[in-house]
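Accompanying notes for the structure given below.
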Amino acid sequence: MDAISKIKWDKIAWNGIQLSTPKDWQVGVIGMRYLLLEKDTNPVMEIKWNKIKGNFSHKDQIRRLASVQKKNIGKTIKNRPIPMAWEKIVKGYQAQAFSWYGKGIEGTGLLLFCQKCKNATLIQFYGNDIQRRDNIHKKILSSFRDHNEQQQINIDIFNIKAVIPHPFQLLRHRFEAGKYELEFTAKSQKITLHRWAAASFLLKKHNLLEFSNSWFGLHEKDLSRPKAGNVLEYCIEPDYGFVARLYNSIMRKLPYQFLRIWQENVNNSILAVNMEGKKQLNPDLFDRICLDYETN
Amino acid sequence: MTGYALIMKLTRQKRTSPTLTKKESLEYSPIKNPDITEKRLEKGEMMITYHISTRPWIANLMRHIGRRENNNFKKKIQLDELGTTVWDMMDGKNSVKQIINKFATKYQVHPKEAEVSVTSFIKILGKRGIIGLK
């Protein structure tokens, strides 16, 4: 059995991209369209992506990257031919490889542009032993995807998994110890995914209903179905009076709301999906999002 | 104080402690300050009493105005269940990394999440002089 087959792999999916990485590579820094992966606190890989409007030029992008990185962190970047082992893997993209070196560290990078989705992605592998890890890099690049046919957003990061359908886009994210929050918007609707841990600690003094009511400012009367085990669901519809509608409009409130909150005993977490909108919400869409949202 | 001494005092360089890399600091083991007192409460949570040292300029001021310096200021801090769990693991043998791993396993949280929680907690205790690292 060769070394690569002994490695355990994990999938990461975040805001439009997905790839497989060795299990001991952890996400150290996360941005809207940025990930820095670390192994034992050392950076091993960096990936940055964005949609490009208009024409894309590898030459210009690498020149800009070289000048910014030289100025800010003393890193020197040079174009290089795409390594032979990677050529087949990246043939679906317009690709340019580069190598870089800084204080005591060097690495190899790729700038990819996909004609289908117009995403440009910058991937950099860190380390002075790039050759030794070439098989790992090949597997990572083979698994890399920057779009899917359904245009949905797959999330698989920090122990949570979700599928958010088109046309919702990620607006903001918060990953704090004990509390995650991801907000997606589309026209006049908003979906927020929540995750709290550890449930055993949070629900020691309050039950799920009290926790939910205090967090979301709701009341038991807003429950849309009888409490069933560890799942609570709320449905709020607006007051149809003229004054109420005017107030909502001025305050930019989203008066329609579906909220489902449940406790996941397997991973000691509390999950919630909060959907809000100006107009009537789609209960099937809400159900689908809740079913696809879980911890792993 | 002479003018020369005042200038020297103002321009004296701050003593900086050696900086540790993240990897190094995770290998260190937290140890409790022997001067603190611990008390286990009824529900199992820990209450810690520790001394607050007077800042030198306050002590000097008190001496000038004829008041005796009082080094007996004490403060109490009550830890919640999560803090007590981490506190109980600080036996001088468990490294920070081991504490993080045990915490993540016990509460089934993501390792990164456990790292952020535990290291922030250790930092707070360290700033108050309740623990040190060895």
Side-chain angles (χ1 to χ4, degrees), chain A residues 8 10-12 14 21-30 35-44 103-105 155-161 173-182 194-206 263-271 294-296, chain B residues 18-30 40-47 77-90 94-127 133:
Chain A
K8 287 192 181 149
D10 223 351
K11 195 173 108 178
I12 294 174
W14 177 244
T21 59
K23 213 173 171 75
D24 57 355
W25 289 21
Q26 296 287 328
V27 174
V29 180
I30 184 168
L35 294 172
L36 176 73
L37 279 84
E38 297 172 337
K39 181 184 171 180
D40 295 332
T41 75
N42 295 317
V44 285
K103 290 176 189 171
I105 194 158
I155 303 286
D156 190 346
I157 200 158
F158 293 139
N159 282 6
I160 58 166
K161 269 172 102 158
H173 60 92
R174 262 174 70 179
F175 290 105
E176 292 168 6
K179 171 90 176 81
Y180 299 166
E181 201 170 295
L182 304 178
H194 299 267
R195 191 229 73 170
W196 297 269
S200 57
F201 170 70
L202 294 167
L203 300 180
K204 225 170 188 168
K205 291 182 183 168
H206 313 281
Q263 184 180 351
E264 274 211 353
N265 290 322
V266 173
N267 287 313
N268 199 16
S269 307
I270 301 169
L271 300 181
E294 57 183 350
T295 57
N296 59 8
Chain B
T19 47
L20 297 169
T21 63
K22 185 175 171 184
K23 196 172 181 180
E24 284 167 349
S25 53
L26 291 177
E27 298 304 326
Y28 276 63
S29 301
R40 183 84 55 180
L41 302 175
E42 248 178 54
K43 291 186 179 171
E45 291 157 348
M46 189 61 76
M47 173 84 85
I77 174 175
Q78 184 176 330
L79 304 179
D80 63 16
E81 181 196 318
L82 302 180
T84 302
T85 303
V86 176
W87 178 258
D88 288 342
M89 288 194 253
M90 292 183 188
N94 281 316
S95 66
V96 175
K97 192 172 180 181
Q98 285 169 322
I99 294 172
I100 289 168
N101 289 341
K102 288 179 183 178
F103 183 88
T105 307
K106 177 166 182 174
Y107 290 104
Q108 293 167 281
V109 293
H110 191 270
K112 189 76 186 173
E113 212 173 356
E115 183 188 307
V116 169
S117 306
V118 170
T119 52
S120 311
F121 179 66
I122 287 174
K123 221 183 202 172
I124 291 169
L125 295 185
K127 272 188 177 168
L133 292 176

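In what follows, chains carry the letters A, B, and so on, assigned in the order in which the sequence lines appear, proteins first and then strands, with residues in each chain numbered from 1. Only a predicted model underlies this, so the values are computations on that prediction, with no experimental measurement involved.
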What do you reckon, is NZ of B:K123 surrounded by more than 12 foreign heavy atoms closer than 6.0 Å?
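Result for NZ/B:K123: open.
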With a 6.0 Å cut-off (strictly less than), is the heavy-atom count around CZ of A:F175, excluding the residue itself, greater than 12?
yes
For the residue pair B:Q108 and A:V266, what are the closest heavy atoms and their distance?
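Minimum heavy-atom separation between B:Q108 and A:V266: NE2-O, 2.6 Å.
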Nearest heavy atoms of B:V109 and A:N159, plus distance in Å
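Closest approach of B:V109 to A:N159, heavy atoms only: C-ND2, 4.3 Å.
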Interatomic distance, [X] atom [atom1] to [Y] atom [atom2] [nearest 0.5 angstrom]:
X	Y	atom1	atom2	value
B:H110	A:Y180	NE2	OH	6.0 Å
B:K112	A:I30	NZ	CD1	11.0 Å
B:E113	A:R195	CD	CZ	4.0 Å

Taking side chain as everything from C-beta outward and backbone as N, CA, C, O, which of these in A:E38 sits under 4.5 Å from a heavy atom of chain B? Side chain, backbone, both or neither.
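Side chain only.
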Under 4.5 Å from a heavy atom of chain A, the part of B:K23 involved:
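Both backbone and side chain.
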Looking at B:L26, B:V116, B:L82, which makes the most heavy-atom pairs under 4.5 Å with chain A?
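Ranked by contacts with chain A, first place is B:L82.
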